[in-house]
Amino acid sequence: MAVYDKKSHKAEEFINHEEILASMKYAEENKNNKELIDQIIERAKDCKGLTHREALLLLDCEIPEENEKIFQVAMDIKQRFYGNRIVMFAPLYLSNYCVNGCLYCPYHAKNRHIARKKLDQQDIEKEVVALQDMGHKRLALETGEDPVHNPIEYVLDSIKTIYGIKHKNGAIRRVNVNIAATTEENYKKLKDAGIGTYILFQETYNKEQYEYLHPTGPKSDYAYHTEAMDRAMHAGIDDVGIGVLFGLEYYRYDFTGLLMHAEHLEAAIGVGPHTISVPRVRRADDIDPDEFDNGISDDIFEKIVAVIRIAAPYTGIIISTRETKESRERVLRVGVSQISGGSRTSVGGYAEEEKEDENSAQFDVSDNRSLDEVLNWLLDLGYIPSFCTACYREGRTGDRFMKLVKSGQISNCCQPNALMTLKEYLMDYASEDTRKKGEKVIEAELERITNPKVKETVKERLLKIEQGERDFRF
């Protein structure tokens, strides 16, 4: 039997099955212990985070008045660290060739329905130009795992192509990468290529369920997959993003494992995850989510996001277009800080609309609005859509980023950068209605900048953006 050790680099020790079961039992036994829950909530207000066991107790809490406090603390913490800024990104699918046999993913090797596609570098250029014409500055690269069709050299060439494309006023300033677990040597190559965050979803932390869901292919190796972030960070990648696919396993188990993984990275590497993603299983070609009986309601989903925000206050939380407009609105309020907009989950889906008989999408999108429609909606809700990539480009990554966030100093950069990148969007891409709403938001938010020198600099740069200059940052 493995012993729980969050500093260990062995998967079954830092994601320990017995510890998860013990945490679930503890939370079940104390979910109506008002005094204990109150103590945890009070301590959470210090914004130092919570242990996985404490967080699970808050998630399981059944006392209505305590749940109201939990949501309020989550909203207060989000406001303290992220304000009303929402970072925008888009996924870019390079290839759906895959050798794995994942039971929940339409890319699985035995699926003969899906149209297999791979973008060459000219195709990628067309996709990136289309994304730039929408206004995007930050991408998340996605590929299936296939050493023949999608070798690391292909990914590196694609990154180089993306960074090299300048179209009108458009430029992709940050490329995050979501590819299969790989070697430390390959992670060093990704680092040298200038990636932002390396993202890899665990899917589920339950080893037995993981192995059932991944019967064939390289991804079937639970330990190799679970230990990928250790290799990536040892290779010099400063920022990593973790996540589970809620619905594959009982949510309490994966919620606990997710926070244990975050604790492990903090304890063993010195830096917790830069982002945590919270996707839910969605219908896709050859995949019926009803086959998985662990689906969660919107109410539970909202509470999961709220408690993650409390437990990992410094970490960005990402929600994709898997979720509906209504679901996204709920979780934005309590913790989400990054969302996608105008997304296509098919290979080559931005430059050309896919034919009905050539489906290559990984999953069905629930929010089909354009990027401009999403921004218009965010502005109506009182948020500042941000296309900022400054921290990565200024070297504020890893422990340097976390120190700034934990001290509260990062807001001195984030707020001005959000306003300036929003201004770029308004000048170059926005509809007239979005532009008017955005200008009002910028005018109001300028007054909230407390540093007189920063405020004056931002005003000067906003004027220069109106005159055609681009890419200012703090």
Requested in this report: Examine the side chains of D76 and Q72 and answer whether a donor and an acceptor come within less than 3.5 Å of each other.
Outcome: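 Yes, side-chain donor-acceptor contact under 3.5 Å.
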Query raised in the report: So, do F246 and Y251 have ring centers that fall under 6.0 Å from each other?
Result: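 That pair fails the under 6.0 Å test.
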Query raised in the report: Cut-off 3.5 Å, side chains only: do Y205 and Y253 have a donor facing an acceptor?
Result: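 No, Y253 and Y205 have no side-chain donor paired with an acceptor closer than 3.5 Å.
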Requested in this report: For T143 and N150, test the side chains for any donor-to-acceptor distance below 3.5 angstrom and give the result as yes or no.
Outcome: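 Result is no, nothing qualifies.
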Query raised in the report: Would you say the side-chain atoms of N206 and Y250 include a donor-acceptor pair closer than 3.5 Å?
Result: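 No pair is found: no donor N or O on one side chain lies under 3.5 Å from an acceptor on the other.
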Query raised in the report: Just by distance, with hydrogens left out, do T434 and S431 show a side-chain donor and acceptor under 3.5 Å apart?
Result: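 On atom types as modelled, these side chains qualify, holding a pair under 3.5 Å.
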Query raised in the report: When you check the side-chain N and O atoms of D367 and T321, is any donor under 3.5 Å from an acceptor?
Result: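 No pair is found: no donor N or O on one side chain lies under 3.5 Å from an acceptor on the other.
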Query raised in the report: Do T51 and E263 get their side chains close enough for a donor-acceptor pair, meaning under 3.5 Å?
Result: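 There is no such pair (donor and acceptor under 3.5 Å, judged by atom type) between the side chains of T51 and E263.
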Query raised in the report: So, do Y314 and H274 have ring centers that fall under 6.0 Å from each other?
Result: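 That pair fails the under 6.0 Å test.
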Requested in this report: Could you check if a side-chain atom of R173 sits within less than 4.5 angstrom of a side-chain atom of R138, using non-hydrogen atoms only?
Outcome: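 No, their side chains stay 4.5 Å or more apart.
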Query raised in the report: Using the benzene-type ring in the case of Trp, are the ring centres of F89 and H136 under 6.0 Å apart?
Result: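 So the answer is no for these two rings.
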Query raised in the report: Any chance the side chains of H52 and E19 put a donor and an acceptor closer than 3.5 Å?
Result: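 Yes, a side-chain donor-acceptor pair sits under 3.5 Å.
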